[in-house]
J.: 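Before anything else, here's the structure in question.
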Amino acid sequence: MREVRVHSTLAGKLVPLEPRVPPRISLFVCGITPYKPSHIGHARTMVFFDVVARFLSHLGYHVFYLQNVTDVEDKILRQATEEGVDPKLVSERNFADYLGEMNALGVRSVNLYARCSDYIPEIIAQIETLIAKGHAYASEGDVYYSVGTFPTYGRLSGQRTEELQPGARVEINPKKRAPEDFALWKSERMGPTWESPWGKGRPGWHIEDTAITVNVLGPSYDIHGGASELKFPHHEAEIAQAEAATGQSPLARIWMHTGLLNMHGEKMSKSLGNVLPTGEALRIARPDVLRFYFMSAHYRAPLEFTGPASFEEAERAYQTLEGTYQRLREAAARLAPSAPADRGAEATPSWLDQVRHVEKTRVPDLAHDRGDQVTEAMVASLCNDFSIREATASLFAWSSEVNSRLAAEGDRLTFEEVVALMGPFRFAENVLGLFSHLGGTGNDTTLSKLVEMALEARTRARARKDYAEADRIRDELHAAGIQVEDSGGKVRWTVRP
RNA sequence: GCCGAGGUGGCAGAACGGCUAAUGCGGCAGACUGCAGAUCUGCUUCCCGGGGGUUCAACUCCCUCCCUCGGCUCCA
């Protein structure tokens, strides 16, 4: 298996990915707190880790991707109180919306979404272990982690507890022995509560993640992902909890942190109120375009959102790639040997089955085949700390090459040659998750018969130089959402996105 | 104050100790076209935050300063 180099926050540099039990890779990513609709900052992180999981699978790893859902949290309760509804309703509604958005964006690699509320016994057990081992103490119905008992606390973020400013953003809590201690259990009477050895209450913020990962993935797993704002204190607390409770280190072999999505120079944050909810973004931009937009920058760098213009720019760039791929698909559909009529929208078109068949049997030729070389370059980019932007740069160059070849020798290409030309696009489809909403190749549907009829009339009009009539037909098709293009003596039409 | 991530052309953003500093968007011109669109080709001179240093050679390594963003126990 080829070597993947990943930036590890703990090491502060690129390190080779060396799974505990190859070829298995366990991946945990901090999920959302569904108290409000999620925003495109979350979506950026989730799309990125979806590519990570897809790519590692592509390389032959067996990836298990776990994400938690913080469905027990004070903000959910506050939101529910405001709306006068049950907190469960708030979290389930927002989580369902989130899943719908992730689905639209093509995020499909998560194997398990684990709800905090399903792990309360595990959480309580982990807290009891921490108390028994002297790392935590009960205080008036609360339980706190005693940070001083964990010497390496702060290593991930480079923080030293004595340099922190207690009370910088959160009020100082008199129940704590030391200001840096954090809550494992909070006594509560309002809202959803659970019985515990310390009385009725709710888990603290950090404990659910380690209770879930230790139980699902074990005391040590391969990759922990999350946005960089979570580095401190959240991830620091996770390490302290899990490693103290299990006695095993490291909790995660590689910590990956994604850069934030900035809204006009400021981070997008639900609490700041300057958010663009993913659902709203999906009404402005097509899902594929939104996904493509997130790939504009390297995952660790901040990404600047400058308003809808950002999406428009991505839309135009994406159309270039999409257009080329669609031309290739049309060529493949036309050239597929013994291609019967399209079996309709539900079935896999037979030409696509045949493309897959050829892909399975052909041997990549890195010495001579340009498409194979480009795919290889894309793989190499992703192996180098998931440099997606570099991979798409290769794809743009390839797009030009393909268009030139299609123009020069489109009619002489064989099916196998077209499949080879598709290679880098197929890679982008499978690994980057692009092109998942491409339309059909326009054969044999009712729509295509009607469009063909109109275009025949237009061709006749053009032949007798009745351009007024020809343009009228084109304009009417355009108004109906059909894009007509004349090139090389042929007429091509597509359904506009 | 402390910790972290950044500062590259009109905009978004890459990379590498050494080749014209990717790629995309935008702009300009040409080819193709009845026109439009798509596509292709070329151009878009002055872009590496400031100042030192190391080196034959620095955007890249080191030091220092400035600026932006994030975190300092609510946040993807």
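Just so we're on the same page: letters track the sequence lines, and every chain starts at 1. All values below come from the heavy atoms of this structure, side chains included, with hydrogens, waters and symmetry mates left out. Because the structure is predicted, anything quoted here is derived from the model rather than measured.
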J.: For A/T494, which contact category applies under a 4.0 Å heavy-atom criterion: base, sugar-phosphate, or nothing?
T.: nothing
J.: Could you measure between the two C1' atoms, the one in B/U20 and the one in B/A15, and give it in whole Å?
T.: 15 Å
J.: Just to be sure I understand the rule, does A/Y467 reach a base, reach only the sugar-phosphate, or reach nothing, if contact means heavy atoms closer than 4.0 Å?
T.: base
J.: Could you identify the nucleotide paired to B/C2, looking across every strand shown and requiring Watson-Crick or G-U wobble geometry with both distances under 3.5 Å?
T.: B/G71
J.: What nucleotide among B/C35, B/G6, B/G13 has an atom nearest to a side-chain atom of A/R474?
T.: B/C35
J.: Between B/G53 and B/G26, how far apart are the two C1' atoms, rounded to whole Å?
T.: 40 Å
J.: So if I take every side-chain heavy atom of A/C30 and compare against B/A76, B/G37, B/U73, which nucleotide ends up nearest?
T.: B/A76
J.: Which nucleotide, if any, forms a Watson-Crick or G-U wobble pair with B/C25, using both distances under 3.5 Å?
T.: B/G10
J.: If you count every heavy atom of other residues, nucleotides or ligands that lies below 6.0 Å from A/R189 atom CZ, does the total exceed 12?
T.: no
J.: Which part of the nucleic acid, if any, lies within contact of A/R472, taking any heavy atom under 4.0 Å across all strands shown: a base, the sugar-phosphate backbone alone, or nothing?
T.: nothing
J.: Can you confirm whether the side chains of A/D142 and A/S187 place a donor and an acceptor under 3.5 Å from each other?
T.: yes
J.: When the C1' atoms of B/C56 and B/G71 are compared, how many Å lie between them, rounded to an integer?
T.: 44 Å
J.: With sugar-phosphate meaning primed atoms plus P, OP1 and OP2, does A/H257 contact a base, only sugar-phosphate, or nothing at under 4.0 Å between heavy atoms?
T.: nothing
J.: If pairing requires Watson-Crick or G-U wobble contacts with both distances under 3.5 Å, which nucleotide is the partner of B/C40?
T.: B/G30
J.: Go through B/G34, B/A22, B/C25 for me and flag the one nearest to the A/T320 side chain.
T.: B/C25
J.: Can you check the distance between B/A58 and B/A38, where both ends of the measurement are the P atom (answer in whole Å)?
T.: 44 Å
J.: Counting only side-chain heavy atoms from C-beta out, which of B/A14, B/G37, B/A76 sits nearest to A/E229?
T.: B/A76
J.: Cation-pi check, A/R329 to A/Y325: give yes when NZ or CZ is under 6.0 Å from the six-membered ring centre and within 45° of the ring axis, no otherwise.
T.: yes
J.: For A/G31, which contact category applies under a 4.0 Å heavy-atom criterion: base, sugar-phosphate, or nothing?
T.: sugar-phosphate
J.: So, is A/R492 near the phosphate of B/A38, with a side-chain N or O under 4.0 Å from OP1 or OP2?
T.: no
J.: Under 3.5 Å, is there any donor-acceptor pair linking the side chain of A/R327 to the base of B/U39?
T.: no
J.: Base, sugar-phosphate, or nothing for A/K465, non-hydrogen atoms under 4.0 angstrom?
T.: nothing
J.: Check the phosphate of B/C40 against A/S404, side-chain N and O only, distance under 4.0 Å to OP1 or OP2. Yes or no?
T.: no
J.: Given that A/A393 and A/A468 both sit by RNA chain B, which one's nearest nucleotide is further toward the 5' end?
T.: A/A393
J.: Base, sugar-phosphate, or nothing: which does A/T392 touch, judged by heavy atoms less than 4.0 Å apart?
T.: nothing
J.: Suppose you measure atom P in B/C43 against the same atom in B/G6; what distance do you get, rounded to whole Å?
T.: 33 Å
J.: For the residue pair A/Y318 and A/Y293, is the inter-centroid distance of their aromatic rings smaller than 6.0 Å?
T.: no
J.: Going by modelled atom types, is there a donor-acceptor pair between the base of B/C35 and the side chain of A/D486 at under 3.5 Å?
T.: yes
J.: With distance as the sole criterion, do the side chain of A/R155 and the base of B/C3 form a donor-acceptor contact below 3.5 Å?
T.: no
J.: Given B/C25, B/G13, B/A76, identify the nucleotide with an atom nearest to the side chain of A/E304.
T.: B/G13
J.: Would you indicate what A/S157 reaches in the nucleic acid, counting non-hydrogen atoms under 4.0 angstrom: base, sugar-phosphate, or nothing?
T.: sugar-phosphate
J.: Is it the case that more than 12 heavy atoms not belonging to A/R155 sit under 6.0 Å from its CZ atom?
T.: no
J.: Report the nucleotide, chosen from B/A14, B/C35, B/U39, that has the shortest atom-to-atom distance to any side-chain atom of A/D471.
T.: B/C35
J.: Just checking A/L395: base, sugar-phosphate only, or nothing, at a heavy-atom cut-off of under 4.0 Å?
T.: nothing
J.: Using a cut-off of 4.0 Å on non-hydrogen atoms, how would the nucleic acid contact of A/E73 be classed: base, sugar-phosphate, or nothing?
T.: sugar-phosphate
J.: So which nucleotide from B/A76, B/C3, B/G34 ends up closest to the side chain of A/Q159?
T.: B/C3
J.: Give the nucleotide from the list B/G34, B/C40, B/U73 with an atom nearest to the side chain of A/K176.
T.: B/U73
J.: Taking the side chain of A/E313 as its heavy atoms from C-beta onward, which of B/A22, B/G24, B/A76 lies nearest to it?
T.: B/G24
J.: Look at the side chain of A/R462 and decide which nucleotide, out of B/C2, B/C74, B/G34, has an atom nearest to it.
T.: B/G34
J.: At less than 4.0 Å, is any side-chain N or O atom of A/S296 found next to OP1 or OP2 of B/C11? Yes or no.
T.: no
J.: Does OP1 or OP2 of B/A76 have a side-chain N or O of A/S38 closer than 4.0 Å?
T.: no
J.: Between the base of B/G70 and the side chain of A/N262, is one N or O donor paired with an acceptor at under 3.5 angstrom?
T.: no
J.: What's the gap between B/A5 and B/C11 when it is taken at their C1' atoms, as a whole Å value?
T.: 22 Å
J.: May I ask you to verify whether the side chain of A/Y144 and the base of B/U73 hold a donor-acceptor pair under 3.5 Å?
T.: no
